[in-house]
Asks: 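Here it is, the structure in full.
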There are 2 protein chains.
Amino acid sequence: MRDATIRDVARRAQVSVASVSRALNNLDNVSEKTRARVADAVKELGYVPHAGARSLSLARTNAIGVVLPDLYGEFFSEIVRGMDREASRRGYLLLLSNMHAGHPQSESAVRAMRGRVDGLIMMAPHLSDAEVAEALPAGMPAVLVNTHSDAHAGIRLDNAAGAKAVAQHFLATGRKRIVHIAGHVGNIDAEERAEAFSKAIEGTSARLQTLQGDFSEESGVVAIETLLAKGATFDAVFAANDMMASGVLQALRKAGLRVPEEVAVAGFDDIPLASHLGLTTVRVRIAELGERALDRLFDMLDSNTDSAGRELHAPELVVRDTTASE
Amino acid sequence: MRDATIRDVARRAQVSVASVSRALNNLDNVSEKTRARVADAVKELGYVPHAGARSLSLARTNAIGVVLPDLYGEFFSEIVRGMDREASRRGYLLLLSNMHAGHPQSESAVRAMRGRVDGLIMMAPHLSDAEVAEALPAGMPAVLVNTHSDAHAGIRLDNAAGAKAVAQHFLATGRKRIVHIAGHVGNIDAEERAEAFSKAIEGTSARLQTLQGDFSEESGVVAIETLLAKGATFDAVFAANDMMASGVLQALRKAGLRVPEEVAVAGFDDIPLASHLGLTTVRVRIAELGERALDRLFDMLDSNTDSAGRELHAPELVVRDTTASE
DNA sequence: CTGAAAGCGCTTACAG
DNA sequence: CTGAAAGCGCTTACAG
């Protein structure tokens, strides 16, 4: 049996669809009598308004599109949680679309959002300015998270501040032969962390060696095993995220190297695992980042403006056992 | 400037909107010439089809609604990841709605899905049969995950099998004074685990004591501290999830009790933290659960049927250090 | 306070 | 192969 529509309700309540619509939306130009008849008919028919049709009429969907890349578990859940918190506070739903690594269809995923959402949050650390511009439908309010772009409103992690804090902490605790394990090639977070870290070490008496990782735990293990196999010596390792740092810790333990006495280890993100490992890291309040992104987007929607400002989300160094000085 | 519509494209290409529609949808009754003119006009105008309007016409949205309760981090990200995997394979988007604890608005959240999605995945372990029936719009295809309901298709974790496996493992390794820390009151998973666990211990020579927790790490700590404060003795603890088990381990360590020599500890879920803690647990392939739920839903949509079958998702005992027999 | 009608941006029989 | 028109389920000026 077909779902009931507003016409069915109108017929049953013996009023016009206009009156039903007014009653349902709690407008005040409706008599009590009409309101009651409509309420009854709605109940009897089990009527639920068709949000899609409503959106088309109103040119307003009460939904926000969220486009995310393949995200490491914790980051994904936390950022979505933050967005959801802010969205449901305002009565909005989230329309989710993962943008998978190979970006052939990623553009179409974004376009599929048009007409279903009022605005977009997009996180695409691997896209260039041009690709971002290409993907975003013109006229779609959007806030970019951790994404290259000069033309749009954006929020970014202050990766440089975080990496610099780690470097200074290493230097202050007397580390001299320092290793950095970088994240995924082309990833903007990875690049900013690596660059700021190296800049902070440069010109000091410490030496820096950078290896390529890919943000996976396994790549942290491999990096350390490679170093040890080459007979390299080092007294500190900064992994570009906590998962790799966890791999580093495993590999060091397996090799019999003591942390932090022989080697200090730090990560980035402060995922829940980090505190269990006693891992020194850079705390990113991910949920807050998501919340803030939605805040910005709502501001744009409310004011109908296009604030193309950049905003930095400051992280914080958390010192734990893996770098305890001495 | 207003976004371009199909009429704008038609005008520019000097054809009818019908032809534009046909060309855009790759129908074959379109001449090459028309197709080319449309393609040009689309490009010149930066036209992106309005998915909302399309859905209304087609009575088909290519979106699936996902209603989840407040979920502990890992569970949330994994189940959404599994669903997204299956959804994007089929070209569907996910419309997300968190159902927060106090369920006054949760019903409206579900109803807001009508007309925006083709089907619904709902996870509501805390709702009764009646509440579930009340919340779901009639005629909306739905698959329930870990949710009470006789009237709908559902997938559930086989909590009983998991809990039973833990009990048998404790008994087989000679544990006699066993503690269970249960999850949230009224939560169906919590209840099934507690019941099956107690049934499996009953009638053996071992004693069982059950405490109330709420799935939080903190509640695991509190449970153990309470027991110790009362002077209770025990040699095995089964926490209803890994987070509480982690709290248990912390409390035991602080009290100077050795694991597993003095007390064996097991959890449930196998979150990433579990392997780092060497925690014996029951592995739930959460992403697979999400994937399977969507599979079921797609089957229903394809066949236009209403398979009200229940399905159990079997978990697996993973033995690690915290219960090593030795 | 109420209703008839136009319109939101698409798709698709129907007729040619 | 093409176009005019009706329809998807709502909302909202407009007239009364």
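Worth knowing before you read on, the calculation uses all heavy atoms, side chains too, and leaves out hydrogens, waters and symmetry mates. Per chain, numbering begins at 1; letters A, B, ... match sequence-line order.
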Asks: Between A:Val30 and B:Tyr47, which is nearer to the 5' end of DNA chain C once each is assigned its nearest nucleotide?
Replies: A:Val30

Asks: For D:dA13, what is the paired nucleotide under Watson-Crick or G-U wobble rules, both distances under 3.5 Å?
Replies: none

Asks: To the nearest angstrom, how far is A:His50 atom NE2 from D:dC8 atom P?
Replies: 11 Å

Asks: What is the distance, rounded to the nearest whole Å, between atom CZ of A:Arg54 and atom C1' of D:dC8?
Replies: 17 Å

Asks: Report which part of the nucleic acid B:Ser21 touches: base, sugar-phosphate, or nothing (heavy-atom distance under 4.0 Å, all strands).
Replies: base

Asks: Is A:Asn25 reaching over with its side chain to a backbone N or O of A:Ser21, donor-acceptor style, under 3.5 angstrom?
Replies: yes

Asks: Which residue lies toward the 5' end of DNA chain D, B:Leu56 or B:Ser19, if each is placed at its nearest nucleotide?
Replies: B:Ser19

Asks: Any sub-3.5 Å donor-acceptor pair from A:Thr147's side-chain atoms to A:Ala124's backbone N or O?
Replies: yes

Asks: Less than 4.5 Å apart, side chain to side chain, heavy atoms only: is that true for B:Ser55 and A:Arg116?
Replies: yes

Asks: Rounding to an integer number of Å, can you tell me how far A:Leu24 CG sits from D:dT12 P?
Replies: 12 Å

Asks: Using whole Å, what does the distance between atom P of nucleotide C:dC10 and atom CG of B:Asn62 come to?
Replies: 16 Å

Asks: Between A:Arg22 (CZ) and C:dT2 (C1'), how many Å, whole number?
Replies: 6 Å

Asks: Could you check which of D:dC1, C:dT2, C:dC10 has an atom nearest any side-chain atom of B:Ser31?
Replies: D:dC1

Asks: Is the count of non-hydrogen atoms from other residues, nucleotides or ligands lying under 6.0 Å from B:His50 atom NE2 greater than 12?
Replies: yes

Asks: Report which part of the nucleic acid B:Asp8 touches: base, sugar-phosphate, or nothing (heavy-atom distance under 4.0 Å, all strands).
Replies: nothing

Asks: Kindly say whether, by distance alone, the side chain of B:Arg114 makes a donor-acceptor pair under 3.5 Å with the base of D:dG9?
Replies: no

Asks: Check every strand shown and say whether B:Arg7 touches a base, only sugar-phosphate, or nothing at a heavy-atom separation below 4.0 Å.
Replies: nothing

Asks: For A:Thr34, report the nucleic acid contact type (base, sugar-phosphate, nothing); a contact means any heavy atom under 4.0 Å.
Replies: sugar-phosphate

Asks: Taking CZ from A:Arg37 and P from C:dG3, how many angstroms apart are they, rounded to a whole number?
Replies: 10 Å

Asks: Please check if atom CZ in B:Arg90 has more than 12 non-hydrogen atoms from other residues, nucleotides or ligands closer than 6.0 Å.
Replies: yes

Asks: Of all the nucleotides listed (D:dT2, D:dT12, C:dG9), which has the minimum atom distance to the side chain of A:Ala18?
Replies: D:dT12

Asks: Using whole Å, what does the distance between atom P of nucleotide C:dT12 and atom CG of B:Leu58 come to?
Replies: 5 Å

Asks: My understanding is that a pair needs two contacts under 3.5 Å, Watson-Crick or G-U wobble. By that rule, which nucleotide pairs with C:dA4?
Replies: none

Asks: Using the side-chain heavy atoms of B:Asn29, tell me which of these nucleotides is nearest: C:dC10, D:dG9, D:dT2.
Replies: D:dT2

Asks: Distance check, P atoms only: C:dA15 and C:dT11, in whole angstrom units.
Replies: 22 Å

Asks: So, is B:Ser16 close to the D:dG3 phosphate, meaning a side-chain N or O under 4.0 Å from OP1 or OP2?
Replies: yes

Asks: Check whether any side-chain N or O of A:Ser57 sits under 4.0 Å from OP1 or OP2 of D:dG9, and answer yes or no.
Replies: no

Asks: With a 4.0 Å limit, can you tell me whether B:Asn25 has a side-chain N or O closer than that to the phosphate oxygens OP1/OP2 of C:dT11?
Replies: yes

Asks: Short question: side chain of A:Arg22, backbone of A:Val30 - any donor-acceptor pair under 3.5 Å?
Replies: no

Asks: Measure the distance from CD1 on A:Ile6 to C1' on D:dT12 and round it to the nearest whole Å.
Replies: 12 Å

